[in-house]
There are 2 protein chains.
Amino acid sequence: MADTSTWALSAVSTTQANEHAPCEDDCGIRDVLDRLGDRWSVLVIVALAKGTRRFGELKAAVPGISQRMLTVTTKRLIRDGLVERTVYPMIPPQTDYRLTAMGESFSQAVADLADWSRRHKEAIALARLRFEVEHPGEL
Amino acid sequence: MADTSTWALSAVSTTQANEHAPCEDDCGIRDVLDRLGDRWSVLVIVALAKGTRRFGELKAAVPGISQRMLTVTTKRLIRDGLVERTVYPMIPPQTDYRLTAMGESFSQAVADLADWSRRHKEAIALARLRFEVEHPGEL
DNA sequence: CAGCATCCCGGCGGATACTG
DNA sequence: CAGTATCCGCCGGGATGCTG
């Protein structure tokens with residue numbers, strides 16, 4: 001039994017032609033994960049959770065972000081309806097950013113996630129150490 | 001007042017030399033966000049939430065993933081202590097993947113997130129439509 | 001079946017310069 | 001101050017081929 005030549009032909013039936021496999025069922029999660037995925041969205045949300053901020057204040061509140069990524073990120077958040085922008089036409093110009101109702105809600109969800117990571121950060125760090133000794137060099 | 005030549009010199013005080021700006025305060029969230037960020041981790045977690053799966057079953061359960069990304073993703077999840085792997089040395093070989101206790105906990109957190117996105121997907125879609133008409137072409 | 005090794009491309013995001 | 005425009009390097013991840 002267990003001839004190595006048999007299972008070579010047992011076709012994998014690779015989910016037969018799924019084109020782009022766009023989830024179909026669940027999704028909508030993708031949009032959320034995309035925001036969570038990029039480097040800055042969450043940080044900006046967290047900063048705005050403390051209240052309305054101007055562009056410069058926001059930049060200062062999110063250490064390391066470039067002006068470009070700040071504009072791009074805020075624009076994406078605005079597009080998704082998480083953030084609102086108010087422009088005061090003065091010299092020098094002023095622009096205020098604040099969370100929308102949905103933004104606040106999202107902020108709460110993020111906070112819950114932060115809670116989870118706080119409760120498990122030691123366990124994760126430990127797991128990584130173990131992995132490093134058992135599989136040195138990998139990843 | 002409001003002379004346009006004055007504020008040109010008011011140095012931005014660009015968060016003075018933060019090297020890599022590694023958060024310092026919060027963090028641990030970065031690790032979690034990194035898992036949420038990549039394209040497949042969440043999908044694999046969701047698939048494993050339904051129970052133990054073999055490599056091939058997992059591949060079938062996550063439509064669109066390549067064998068390479070499946071190995072890479074599972075390995076990362078194992079490294080972080082979210083997934084366990086059991087190898088049965090037989091011909092043909094068999095490998096089982098299952099969530100750890102922490103993995104189950106994480107799976108729950110993800111489920112909460114999925115809930116949020118389900119409750120707001122319409123609102124997000126609507127916001128995007130509005131944005132598209134008001135700012136055609138951007139993003 | 002369950003992987004590892006290699007090649008390669010797209011786009012995310014950093015750095016820099018310019019404008020109202 | 002609050003952006004916009006441009007250039008560019010890096011790496012996440014797809015496709016393919018080979019092994020135990």
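Small disclaimer: the values here were computed from a predicted structure and weren't measured. Reminder, nothing fancy here: chain letters follow the sequence lines and each chain counts from 1.
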Next item on the list: Mind calculating the distance between CG (B:L139) and P (D:dA5) to the nearest angstrom?
Entry: 12 Å
Notebook entry, point to check: Whole-Å distance between C:dC4 P and B:L70 CG?
Noted result: 11 Å
Note to self: Need one value for A:Y97: base, sugar-phosphate or nothing, where a base atom within 4.0 Å counts as base even if backbone is also close, heavy atoms only.
What the structure shows: sugar-phosphate
Margin query: Whole angstroms only, please: what is the CZ-C1' distance between A:R35 and C:dC12?
Written below: 12 Å
Check: Considering only C:dA2, C:dG14, D:dG13, which nucleotide approaches the side chain of A:W40 most closely?
Finding: C:dG14
Note to self: Could you check whether any side-chain N or O of A:T73 sits under 3.5 Å from a backbone N or O of A:L70, counting only pairs where one atom can act as donor and the other as acceptor?
What the structure shows: no
Check: Considering heavy-atom distances to DNA chain C, does A:Q67 or A:D38 have its closest nucleotide positioned more toward the 5' end?
Finding: A:D38
Note to self: Counting only side-chain heavy atoms from C-beta out, which of C:dC1, C:dG14, D:dG14 sits nearest to B:R54?
What the structure shows: C:dC1
Checklist line | Distance in angstrom units between B:F55 CZ and D:dG20 P, rounded | finding: 18 Å
Margin query: Can you tell me if A:T95 touches the phosphate of D:dG3, counting only side-chain N or O atoms and a distance under 4.0 Å to OP1 or OP2?
Written below: yes
Check: Rounded to the nearest Å, what distance is computed from the NZ atom of residue A:K59 to the C1' atom of nucleotide C:dA15?
Finding: 12 Å
Check: For C:dC1, does either OP1 or OP2 sit under 4.0 Å from a side-chain N or O belonging to B:R53?
Finding: no
Margin query: Taking only side-chain N and O atoms of B:K75, does any of them lie within less than 4.0 angstrom of OP1 or OP2 on C:dG3?
Written below: no
Notebook entry, point to check: Can you tell me if the side-chain N/O atoms of B:S66 get under 4.0 Å from OP1 or OP2 in D:dG13?
Noted result: no
Next item on the list: Determine yes or no for a side-chain-to-main-chain donor-acceptor pair under 3.5 angstrom, with B:E57 supplying the side chain and B:R54 the backbone.
Entry: yes
Check: With no hydrogens and no angle check, is any side-chain donor or acceptor of B:T100 less than 3.5 Å from a backbone partner on B:L82?
Finding: yes
Check: Between C:dC1, D:dG13, C:dG13, which nucleotide has the shortest distance from any of its atoms to the side chain of A:R39?
Finding: C:dG13
Next item on the list: Could you state the atom-to-atom distance from CG of B:L58 to C1' of C:dC1 in whole Å?
Entry: 14 Å
Notebook entry, point to check: Is A:R68 touching bases, backbone alone, or none of the nucleic acid, heavy atoms closer than 4.0 Å?
Noted result: base
Margin query: In whole Å, I'd like the distance from the CD atom of A:E57 to the P atom of D:dG3.
Written below: 13 Å
Note to self: B:Y97 and side-chain contact (heavy atoms from CB on, under 4.5 Å): which single residue from B:T86, B:T52, B:L58 fits?
What the structure shows: B:L58
Next item on the list: Give the nucleotide from the list D:dG13, C:dG20, C:dG3 with an atom nearest to the side chain of A:P93.
Entry: C:dG20
Check: Separation of A:M69 atom CE from C:dT16 atom P, in whole Å?
Finding: 17 Å
Check: Start at the 5' end of DNA chain D and walk down; is the nucleotide closest to B:I65 or to B:E138 reached first?
Finding: B:E138
Margin query: Using modelled atom types and a 3.5 Å cut-off, is there a donor and acceptor pairing between side-chain atoms of A:K75 and backbone atoms of B:L139?
Written below: no
